[in-house]
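Below, read A as the first sequence line, B as the second, and so on, with proteins coming before strands; counting in each chain starts at 1. Predicted model, so just to flag it, every value in this text is computed and none were measured.
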Protein chains: 2
Amino acid sequence: MSGGLLEGVPGPASVRFDVDDERLARAAWSRLAEPGDLPARQLVQEFGASAALRGLLRGQGPPRWRSRLSDLDPVRDVRALERVGARFVVPSDPEWPGEPLSRLGVEQPFGLWVRGPLDLGEACERAIAVVGSRNCTAYGERVALELAADCARDGVTVVSGGAYGIDGAAHRGALQVAGRTVTVLACGVDRIYPTGHDQLFDRIRQVGAVVSEVPPGSSPTRWRFVERNRLIACLSRLAVVVEATDRSGASSTAARAAKHGVPVGAVPGPVYSPTSYGPHQLLRTGAVCITSAGDALDEIQRLGEAPSRPAPPRRRAAHDDLPPADLRVFDALPVRTTAPVASLAKVAGLDESTVLAALGRLELRNLAVRSGAGWRRART
Amino acid sequence: MSGGLLEGVPGPASVRFDVDDERLARAAWSRLAEPGDLPARQLVQEFGASAALRGLLRGQGPPRWRSRLSDLDPVRDVRALERVGARFVVPSDPEWPGEPLSRLGVEQPFGLWVRGPLDLGEACERAIAVVGSRNCTAYGERVALELAADCARDGVTVVSGGAYGIDGAAHRGALQVAGRTVTVLACGVDRIYPTGHDQLFDRIRQVGAVVSEVPPGSSPTRWRFVERNRLIACLSRLAVVVEATDRSGASSTAARAAKHGVPVGAVPGPVYSPTSYGPHQLLRTGAVCITSAGDALDEIQRLGEAPSRPAPPRRRAAHDDLPPADLRVFDALPVRTTAPVASLAKVAGLDESTVLAALGRLELRNLAVRSGAGWRRART
């Protein structure tokens, strides 16, 4: 463990917990190194959390990881969480959503602090992220709610960020149909942010899962929001932006999704709506146009194993898809009077035998009626 | 001229005009063979209209081309048009929009009957098709009008089909800013369809161009509408569908555009609006998302020679795009009290020298303020 990534200011330190406990060591790292601190993650992935922590205690590693060493107490953190019925899930746990999170590579979290009865791994086998602006329109809120409800009804877990606006509507949509929902926070799972959503979070803790990679007590900083978005994206098979201005966090979620190979969906809206600017930009850069849960499920299935669902039935007119000659004869048929075949041939620009054959087919489809010596269009 | 395409029922016929006049012969063919009759077009492109017509008069060619021979009088057609200030434009004319129409290959029209002062070739050098449903919403009508007006103001000709709804709004938008507009009809240019648009067509005839490939007196049949749509698409550099149900003519225009290599644009709208179903389907199959004339002009320029226009300025917050360390220190800065560097380092999870350097940069950007022994966030 000497040299390499752990070079730095020497000086031994001590801690009040069993460093060899990999789970506690990961919990410790989740406090020492901020989300997005990639060298710390690389180190832990390469050597394990315990070995990396022992190096740090021997004085190795950059000073930034040492600034929080003195307050470190992962036993207290884990116990505090257990008191509220929560757990710290690490990659060796059966519940760890290993396959989706593997897309993050070195950006994978040390572990996830989880509150709620949902098995995270199972929930994320087929999950959709539904995200968007806090300052959304009634239109966006309705779309988010219905999209989430219809996806949840189909057994798809709805992942979002618990914010006001689109996120909240997405969670509520899933809850309304007793579906599964996961909220990923930028603060500790013992905190409530935004505070106005305390009842919503209560409900999600009872039936879904509240998830964070930062330890209990952590406050939601802008930096943590940015990094949180990668988890929302990568726990899902499709990340749908319902409404977003160009600066909103949902656009950052879409960017992280695209970076890690998660398909991005965007909900169109009125061109005059500033909150549809973000989705329209995404549509211009390859996002899938999502207008309903059907579209989203199609996309998830298309990427998964199941065959694509059949196209919805089209509303059709009787003369739709007539072959060219038949359509031209149909066009030529008078509605009120009748016309002889010779006159139909002239109007349609076809020879008489073609007209006769077409009239036969049109009669079969109840589009043409013979009347005396002539023909007319059938009444619809 | 014997054999090959001109095989068929023999029997000589005669006509009352100079068959060797290529322009008159093309006018004759525009009456004999319906739009979409590709063998007739192939024949005329290969041998010339006069030679092909002589063959037909000698009894060669399929009977369908002979059904209208007896009524043929292109001299009367051309004169009737000249009386209303119109002309029959053929490929040898300088006004012929040769480059755009060449995309049609064998589907090129024999000629175009044109009413109005606009030079068709010049008008179609930089043209946009703006099309959509007759039964459009107020939203679609407004988008079409503004899109057309803003494009026309930029010197782009607005091409459409003169129908109620989106088409009409597109023409009106161009006329409102004294811009150029071309309406392509499925009937003769001496007729008015739909009749409620007589004043609109009056105005287009005065300042724009009313165009058709079918001769005077022809009625607008469903078949001719379908074929007309290929001309709307191919006279333009970009074909934008504003609103359309899945069965509307605008979707057929988009399909013809795509077939002949004209880029398709689609205007998004509310997902609950049935008239936005068509554009959303198009967005799913590769259409460009068009939310404003700026988007359309970008697309036209991208395909043409001029460099792309700069992206519109984004609304920005002071802390946008801070480097990671600076954002984390900014997050850590208290708003009401102050904090010493050591405490900031702990909160941000960074070493003190990094925090100090970040504070320097944040101070320069007026985001951090030193106050006594500590630092706080600057008031915005």
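- Ranked by heavy-atom pairs under 4.5 Å with chain B, the first of A/E352, A/E34, A/H280, A/R222 is A/R222.
- Interface residue B/V347: only backbone heavy atoms are found under 4.5 Å from chain A.
- Not counting sequence neighbours, B/A255 has no partner by the side-chain contact (heavy atoms from CB on, under 4.5 Å) test.
- If you measure heavy-atom distances from B/S70 to chain A, the contacts under 4.5 Å come from the side chain alone.
- B/R328 and A/E227 are not joined by a salt bridge, as no carboxylate oxygen comes within less than 4.0 angstrom of a charged side-chain nitrogen.
- Checking side-chain atoms of A/W223 against main-chain N and O of A/P35 turns up a donor-acceptor pair under 3.5 Å.
- Checking side-chain atoms of B/R230 against main-chain N and O of B/E107 turns up a donor-acceptor pair under 3.5 Å.
- Across B/S276, B/A332, B/P270, the residue that shares the most heavy-atom pairs under 4.5 angstrom with chain A is B/P270.
- Between A/C289 and A/E299 there is no side-chain heavy-atom pair separated by less than 4.5 Å.
- Ranked by non-hydrogen atom pairs under 4.5 Å with chain B, the options A/A348, A/A33, A/A287, A/S273 are led by A/A348.
- Ion pairing of A/D37 with A/R64 is present here, as a side-chain N (NZ or NE/NH1/NH2) and a carboxylate O approach within less than 4.0 Å.
- Within residues 142-150 of chain B, the residues having any heavy atom less than 4.5 Å from a heavy atom of chain A are, in residue-number order, B/R142, B/V143, B/E146.
- When each of B/V226, B/T221, B/V271 is scored by its heavy-atom pairs under 4.5 Å with chain A, the top score falls to B/V271.
- Within the 4.5 Å cutoff, the side chain of B/L32 has no heavy atoms near those of the B/F110 side chain.
- For B/I290, the part lying under 4.5 angstrom from a heavy atom of chain A is the backbone only.
- A/D295 has a carboxylate O that lies under 4.0 Å from a charged side-chain N of B/R284, or vice versa, which qualifies the two as a salt bridge.
- Taking 4.0 Å as the cut-off between side-chain N and carboxylate O, A/E213 and A/R41 count as a salt-bridged pair.
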